[in-house]
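Note that these values count all heavy atoms, side chains included, but never hydrogens, waters or copies made by symmetry.
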Amino acid sequence: MSKYYLNYLDELESEAIFILREVWAQFQNPVILFSGGKDSIVVTHLAKKAFHPAKIPFPLMHVDTGHNFPETIAFRDSLVKEFGAQLLVGSVQESIDQGRVAEERGKNATRNALQITTLLDAIETHKVDCAIGGGRRDEEKARAKERFFSHRDDFGQWDPKNQRPELWNILNGRHFEGEHFRAFPISNWTEMDVWNYIQRENIQIPSLYFAHEREVVWRSNSWIPVSEFLKLEEGEKIEKKKIRFRTLGDITITGGIESDADTVEKIAMEVSAMKQTERGNRSDDKRSETAMEDRKRQGYF
């Protein structure tokens, strides 16, 4: 009698595909929150596998802050064209122009928190009842509290103490009109799992993840890339370093690390020896001990 074994990546993939199919079965108008980062790319790849040979049944929704890496936007447009997917875009700049939010000022100004209003407006405009994201529990302590199906009230707010139990893989997506859910298919994955899966599946990712020469400034204990939005402070100087980015956010807040890892295999080896989480170089998470949870309670991804 033959036996069939799944390795750990197959198990994680099967779990994620199960969750994606549950979303499609339980919700009327779900979308994939697509940032152009590795996690949202992996979720999109999993959705493609989950519904093959049909096209991905979910539109991709991107909240464009206007401060994205140009490479990220180019990759997003290329992937949408390749997959034949529908792209929905919410613009933070439009939210600012309409007076919905106010631009931050000062040295560490960011549009990160401004995404909340734009995201919730896009969810309401497109009548989204479930937004699928690439959040993982190992990223940050607030994300460790998330369930696979994470309930949001009719204001888009998250209450970590008021979530549904998920016993025996029973996922409850019932909600009242105006409420919605966030779904996290790769919640149980680690950063290492993501890179091993990218390597195994030969998934294309933005060049920003690979070591490359770039002009940067040392700020908040990380290398912040030079851009039209960066204002140098007294004592700061532009340097040219070979760096890569472990996570992709706004160009104004995403710090790089010095590295020679220019292949997925080398990145996986580098990550295996890291002691700091990948969000350790995100200046928006350094504002307070509860910065991420505070934003998530308001409706942040």
Side-chain angles (χ1 to χ4, degrees), residues 9-10 12-66 68-94 115 118-136 148-149 171 173 180-187 189 193-210 247-249 264 301:
L9 285 179
D10 290 329
L12 289 171
E13 180 186 72
S14 296
E15 179 183 64
I17 286 175
F18 166 76
I19 293 164
L20 287 164
R21 289 172 176 168
E22 279 294 301
V23 169
W24 183 242
Q26 294 194 40
F27 296 97
Q28 297 299 313
N29 196 27
V31 299
I32 293 176
L33 294 177
F34 189 83
S35 67
K38 67 184 186 309
D39 299 314
S40 62
I41 293 170
V42 165
V43 169
T44 306
H45 176 84
L46 288 162
K48 184 179 179 181
K49 294 189 77 170
F51 299 97
H52 181 78
K55 288 185 177 181
I56 298 174
F58 315 114
L60 305 186
M61 177 178 284
H62 179 224
V63 178
D64 184 359
T65 65
N68 298 283
F69 285 91
E71 297 94 329
T72 303
I73 297 299
F75 185 90
R76 178 202 71 184
D77 294 342
S78 175
L79 182 140
V80 167
K81 183 177 180 181
E82 178 187 350
F83 282 26
Q86 180 186 2
L87 177 65
L88 308 174
V89 178
S91 170
V92 171
Q93 185 60 56
E94 287 185 8
Q115 295 180 71
T118 306
L119 173 59
L120 295 179
D121 285 350
I123 286 173
E124 183 176 359
T125 297
H126 297 287
K127 302 186 184 306
V128 172
D129 53 1
C130 183
I132 307 163
R136 308 188 325 269
F148 287 126
F149 277 15
L171 304 177
H180 73 278
F181 274 77
R182 309 284 170 88
F184 300 100
I186 63 171
S187 194
W189 296 41
D193 296 332
V194 171
W195 283 114
N196 286 336
Y197 189 74
I198 287 172
Q199 182 176 6
R200 188 186 82 168
E201 299 287 303
N202 193 28
I203 299 173
Q204 298 301 306
I205 55 174
S207 59
L208 295 163
Y209 284 110
F210 302 107
T247 178
L248 299 185
V264 173
F301 160 70

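The closest donor-acceptor contact from the side chain of D129 to the backbone of Q28 lies under 3.5 Å. Remark: side-chain polar atoms of R182 are not paired, donor with acceptor, to backbone N or O of F149 under 3.5 angstrom. The backbone N or O of L171 lies less than 3.5 Å from a partner atom in the side chain of Q26, making a donor-acceptor pair. At least one donor-acceptor pair closer than 3.5 Å links the side chain of Y209 to the backbone N or O of K38. Side-chain atoms of S78 never come within 3.5 Å of backbone atoms of A74 as a donor-acceptor pair (strictly under, hydrogens ignored).
Residue D121 holds its CG atom at 10.5 Å from CD of E94, rounded to the nearest 0.5 Å. Within the model, atoms OG of S207 and CD of E71 stand 5.0 Å from one another, a figure rounded to the nearest 0.5 Å. Note that CD1 of I132 is 5.0 Å distant from CD1 of I32, once rounded to the nearest 0.5 Å. The NE2 atom of H45 sits 9.5 Å away from atom CD1 of I198, with the distance rounded to the nearest 0.5 Å.
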From CA spacing to verdict: side chain to side chain contact (heavy atoms under 4.5 Å, CB included), L60, L79: CA-CA 10 Å; L60 305 186; L79 182 140; 3.9 Å; yes
Worked check of side chain to side chain contact (heavy atoms under 4.5 Å, CB included) between H126 and V31: CA-CA 10 Å; H126 297 287; V31 299; 5.9 Å; no
Step-by-step side chain to side chain contact (heavy atoms under 4.5 Å, CB included) determination, L46 to Y197: CA-CA 11 Å; L46 288 162; Y197 189 74; 3.3 Å; yes
Derivation and outcome, ring pair (Phe, Tyr, Trp, His ring centres under 6.0 Å), residues F51 and F58: CA-CA 10 Å; F51 299 97; F58 315 114; 5.6 Å; yes
Check against side chain to side chain contact (heavy atoms under 4.5 Å, CB included), E82 and D77: CA-CA 9 Å; E82 178 187 350; D77 294 342; over 6 Å; no
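Taking a cutoff of 4.0 Å between a charged side-chain nitrogen and a carboxylate oxygen, D193 and R200 do not qualify as a salt bridge.
For G37 against L248, the heavy-atom pair with the smallest separation is CA-CD1, 4.4 Å. Considering all non-hydrogen atoms of both residues, G36 and T72 come closest at CA-CG2, 3.9 Å. When all heavy atoms of L20 and P185 are compared, the closest pair comes out as CD2-CG, 3.8 Å. A pairwise comparison of heavy atoms in I186 and A16 identifies CG2-CB, 4.3 Å as the closest pair. In terms of heavy atoms, F148 sits closest to I19 at CD2-CD1, 3.3 Å.
Applying the side chain to side chain donor-acceptor pair (under 3.5 Å) test to S40 and every residue at least two apart in sequence or in another chain returns S35.
Counting only heavy atoms from C-beta outward, the side chains of I205 and W195 approach each other to under 4.5 Å. For the pair I56 and Q86, the minimum side-chain heavy-atom distance is 4.5 Å or more. Using a 4.5 Å heavy-atom cutoff, the side chains of F184 and V43 are not in contact.
Ring pair F27/F181 is tilted by interplanar angle, where 30° to 60° counts as tilted.
V194 pairs with exactly one of D39, I41, I203 by the side chain to side chain contact (heavy atoms under 4.5 Å, CB included) rule, that one being D39.
Pairs of residues two or more places apart, or lying in two chains, that qualify as side chain to side chain donor-acceptor pair (under 3.5 Å) and include a residue from residues 48-64 are E13-K49, K49-E201, H62-R76, D64-N68.
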